[in-house]
Amino acid sequence: MEGPGAEAQLLRPFRCELSLLSRPDGSACFTQGDTTVLAAVYGPAEVKVSKEIFDKATLDVLLKPKVGLPSVAEKSKEQMIRNTCEATILTALHPRSSITVVLQVIHDSGSLLSCCLNAACMALMDAGLPMKCVFCGITCVIDSDGNMLLDPTTKQEKEAAAVLTFSIDGVEKQLLMTSTKGSYSVEELQQCVAMCQKATEKIFQFYRDSVSRKYSKLSE
C-alpha cells in the first residue's frame with residue numbers, strides 16, 4: 001500500500017460567502033470544488049413546550065436535497081451534523097430555547113457531508129453563537145490499490161474501496177464524528193485520520209481568512 005502522495009493531499013478550492021441571507025441569524029454559502037451548500041442558523045429562539053429542554057437549547061438540523069424530499073441518506077447526515085454541532089455549541093447558555101440549522105444542497109460533486117459540516121460551522125460563527133471550538137468536515141477515499149485521496153469528487157467516491165468522512169475540532173484536532181463506507185484496515189483508518197487532521201490546517205485558516213474579511217469590510 002502506498003502512502004498518500006502530494007496530489008492526494010490537495011483540497012479543492014474553497015469559497016465562502018457569509019451573511020448573504022437577511023432572515024436567519026447567521027448564514028453561509030460554502031463551496032469546495034463544485035460542491036456547494038447553503039446554511040442558515042436560526043436562534044436562540046422560542047421553542048415549542050413539547051420540545052423544551054430545561055437546562056440547554058434544543059438543537060435541530062434540517063438537510064434539504066437539491067431536488068425532492070429528504071431521504072434516509074439525508075436523515076442520516078442530519079444526525080451526524082447534529083451530533084457534531086451538539087459537541088461544540090454551548091447549548092447550556094441558552095436553556096429552554098431552540099437553535100435550528102438548515103442546510104440546502106445547491107450542487108453535489110463529491111464530499112457532500114464534509115461540505116455540509118463546513119457550511120454549518122461558518123453559519124454558526126456568522127450567527128455569533130457561543131461555541132467551545134470551531135469544527136470542520138473532511139472526506140478521504142481509499143482506492144482499490146490502497147492509495148488515499150482527500151476531498152474526492154463524486155466519481156472518485158463511486159470508484160473507491162472506502163469513503164471516510166470525519167468532523168474534527170479546531171483546538172485539539174480531535175475526531176467529533178466519523179462516517180465510513182466500504183472496507184479498510186485499522187492501519188488504513190489511522191493513516192486517513194492522520195492525513196485528514198493535517199489537512200484541516202488549511203480549512204481552519206480559510207475560516208479565519210473568511211471571518212476577518214467580513215469584519216474588515218464592516219469596519220470600512
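Reckoned from all heavy atoms, side chains included, excluding hydrogens, waters and symmetry mates. Numbering starts at 1 and runs along the sequence shown. If you're wondering where the values come from, they're calculated on a predicted model, not measured in any experiment.
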Does any non-hydrogen side-chain atom of [Y] lie less than 4.5 Å from one of [X]?
X	Y	value
T88	L176	yes
S27	E17	no
V41	L129	yes
I168	Q197	yes
K173	E201	yes
Q191	M148	yes
D143	L149	no

Basic-acidic side-chain contact under 4.0 Å: E159, K155:
yes

Quick test of your reading of the model: are K214 and D126 salt-bridged, counting only N-O distances below 4.0 Å?
yes

Between [atom1] of [X] and [atom2] of [Y], what distance do you get to the nearest 0.5 Å?
X	Y	atom1	atom2	value
M80	F166	CE	CZ	12.5 Å
D209	K202	CG	NZ	13.5 Å
C133	E172	SG	CD	9.0 Å
C85	E78	SG	CD	11.5 Å
M125	C16	CE	SG	8.0 Å
M195	L164	CE	CG	9.5 Å

Any chance you could lay out the side chain to side chain contact (heavy atoms under 4.5 Å, CB included) test for F135 and L124, step after step, and finish with the verdict?
CA-CA 10 Å; F135 61 85; L124 288 166; 4.0 Å; yes

Give the intermediate values and the outcome of side chain to side chain contact (heavy atoms under 4.5 Å, CB included) for residues T165 and I138.
CA-CA 6 Å; T165 299; I138 187 158; over 6 Å; no

T35 side chain to S109 side chain, donor-acceptor N/O pair below 3.5 angstrom:
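Result is yes, a qualifying pair exists.
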
Would S167 and T84 count as having a side-chain donor-acceptor pair, cut-off 3.5 Å?
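Judged by distance alone, the side chains do pair up.
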
Step-by-step side chain to side chain contact (heavy atoms under 4.5 Å, CB included) determination, I53 to R96
CA-CA 5 Å; I53 306 173; R96 299 183 176 177; over 6 Å; no

Begin from the C-alpha positions of Y207 and F14 and carry the test ring pair (Phe, Tyr, Trp, His ring centres under 6.0 Å) through to its verdict.
CA-CA 10 Å; Y207 283 6; F14 300 123; 8.3 Å; no

Go through the steps for L112 and C116 under the test side chain to side chain contact (heavy atoms under 4.5 Å, CB included), then give the verdict.
CA-CA 6 Å; L112 179 62; C116 286; 4.2 Å; yes

Mark yes or no for whether [X], through its side chain, and [Y], through its backbone, hold a donor-acceptor pair below 3.5 Å.
X	Y	result
T154	G110	yes
D25	Y42	no
T36	T31	no
S185	E188	yes

Please answer: with hydrophobic residues joined when any side-chain heavy atoms are less than 4.5 Å apart, are F30 and V211 in the same cluster?
yes

Show me, pair by pair, the donor-acceptor contacts under 3.5 angstrom made by side chains of residues 58-73, not counting sequence neighbours?
from	atom 1	to	atom 2	distance (Å)
T58	OG1	K51	O	2.7
D60	OD1	K51	NZ	3.4
D60	OD2	K51	NZ	3.0
K66	NZ	H107	ND1	3.3
S71	OG	A73	N	3.3
S71	OG	E74	OE1	2.6

